[in-house]
Amino acid sequence: MSKAVIRGKRDSKPLKVRYEELGIDVRLGVVAESLELESMRVLTSAGPVEFSHLVIATGATPVRLPGDGEQLVLRTDVEAAALRDRLVPGAHVAVIGASWIGAEVAHAALERGCGVTGLEYHPAPLAQALGSELGGRFASWWDGAELRTGQSVTAVEPDGVHLAAAR
Ligand SMILES: Cc1cc2nc3c(=O)[nH]c(=O)nc-3n(C[C@H](O)[C@H](O)[C@H](O)COP(=O)(O)OP(=O)(O)OC[C@H]3O[C@@H](n4cnc5c(N)ncnc54)[C@H](O)[C@@H]3O)c2cc1C
């Protein structure tokens, strides 16, 4: 899990799922390339696959911001290891976004002796998911860090994080 990897507690390991026992036909290394709704087929790198019902669960990618400054994101095991290697004592880490993953990174950074500034667009952490009132109850997750809410980051440049004018 990312939490243990970025805290330097362990390396990532694939989870073992017994697909056969569950009656699931898994085709690894196959890329879904397009969809033919009229003939109810997915066209893949290994040929067409017919379906009667379809679930698209292709996930999400982290949002990167404009600018030429270094930005690290956390989605894959490789990104978790890269982040862990940069969380060294004395580093100052700007965490953009104070939701679950931002809090996870802020905690790991504090634990590894970094300074942390959290920058969040909404008035409270987790406000996008939970609303400001409930999100505000999670402010203590940021104890030990400087959390600046109501801040919109416009760019990440080599000289630092650029913020929009105060709203
Ligand atoms: C750092 C981090 C920590 C998290 N911690 C937690 C946690 O503690 N608890 C929790 O509940 N959730 C956690 N989450 C959230 C959780 O990981 C996601 O909600 C979950 O992974 C979403 O699952 P998904 O199946 O929708 O997408 P994904 O996990 O992104 O899976 C999408 C899959 O689709 C495949 N794919 C994409 N395009 C194609 C294509 N064209 N053809 C074939 N295959 C394709 C991809 O290779 C991938 O395997 C965390 C997320 C992150 C990033």
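Note that the structure is predicted; figures quoted are calculated from it, not measured. In this chain, residues are counted from 1 in sequence order. As a basis for the values below, the full set of heavy atoms in this structure was taken, side chains included, without hydrogen atoms, waters or symmetry mates.
Between the side chain of Glu111 and the backbone N or O of His107, no donor-acceptor pair lies under 3.5 Å. Distance alone, capped at 3.5 Å, is enough to place a donor-acceptor pair between the Thr154 side chain and the His162 backbone. With hydrogens and angles disregarded, a donor-acceptor distance shorter than 3.5 Å links the side chain of Ser45 to the backbone of Val31. The closest donor-acceptor contact from the side chain of Arg7 to the backbone of Arg84 lies at 3.5 Å or more, if one exists at all. In this structure, Glu120 contributes its side chain and His122 its backbone to a donor-acceptor pair below 3.5 Å. Between the side chain of Gln71 and the main chain of Leu65, a donor-acceptor pair closer than 3.5 Å is present. Using a distance-only test at 3.5 Å, with no hydrogens or angles considered, a donor-acceptor pair links the side chain of Thr44 to the main chain of Ala46.
Counting non-hydrogen atoms of neighbouring residues, nucleotides and ligands closer than 6.0 angstrom, the CD1 atom of Ile56 reaches no more than 12 such neighbours. Within 6.0 Å of atom CZ in Arg10, more than 12 heavy atoms from other residues, nucleotides or ligands are found, so the atom counts as buried in its surroundings. Within a 6.0 Å sphere centred on CD of Glu33, heavy atoms belonging to other residues, nucleotides or ligands number more than 12.
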Working for side chain to side chain contact (heavy atoms under 4.5 Å, CB included), residues Val105 and Leu74: CA-CA 9 Å; Val105 174; Leu74 178 55; 3.8 Å; yes

Derivation and outcome, side chain to side chain contact (heavy atoms under 4.5 Å, CB included), residues Leu83 and Val5: CA-CA 9 Å; Leu83 187 55; Val5 175; over 6 Å; no

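Cluster annotation: Ile24 is connected to Val17 through the hydrophobic network of ILVMFWY side chains, with a link wherever side-chain heavy atoms come within less than 4.5 Å. Taken together through direct or relayed side-chain contacts under 4.5 Å among Ile, Leu, Val, Met, Phe, Trp and Tyr, Trp100 and Leu134 form part of one hydrophobic cluster. When the side chains of ILVMFWY residues are joined at heavy-atom separations under 4.5 Å, either directly or via intervening members, Leu37 and Met40 end up in a single hydrophobic cluster.
Between Val116 and Val95, the closest side-chain pair of non-hydrogen atoms falls below 4.5 Å. Counting heavy atoms from C-beta outward, Lys9 and Lys3 have side chains that stay 4.5 Å or more apart. Side-chain contact check for Ile96 versus Tyr121: every heavy-atom pair is 4.5 Å or farther apart.
Taking 4.0 Å as the cut-off between side-chain N and carboxylate O, Arg27 and Asp25 count as a salt-bridged pair. One finds a salt bridge joining Glu36 and Arg41 here, because a Lys/Arg side-chain nitrogen approaches an Asp/Glu carboxylate oxygen to under 4.0 Å.
Closest approach of Pro158 and Asp68 over heavy atoms only: CD-C, 3.9 Å. Residues Val42 and Ala32 approach most closely at CG1-CB, 3.9 Å, considering heavy atoms. Between Ala82 and Leu72, the shortest heavy-atom distance links the atoms O-CD1, 4.4 Å. Contact record, Arg75 with Pro62: CB-CG, 3.8 Å, taken as the closest heavy-atom pair. For the pair Leu28 and Val26, the tightest heavy-atom approach, listed with the atom from each and the gap, is CD2-CG1, 3.5 Å.
A distance of 9.5 Å separates NE2 in His92 from SG in Cys114, rounded to the nearest 0.5 Å. Atom CG in Leu87 sits 6.5 Å away from atom CD1 in Ile6 (nearest 0.5 Å).
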Can you give me every donor-acceptor pair (side chain of residues 135-148, partner residue at least two apart or in another chain, under 3.5 Å) with its distance?
from	atom 1	to	atom 2	distance (Å)
Glu146	OE1	Thr117	OG1	3.1

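Judged as a salt bridge (Lys or Arg N to Asp or Glu O under 4.0 Å), and not counting sequence neighbours, Asp77 has no contacts.
Counted by atom type alone, Ser99 and Gln128 present zero donor-acceptor pairs between their side chains at under 3.5 Å.
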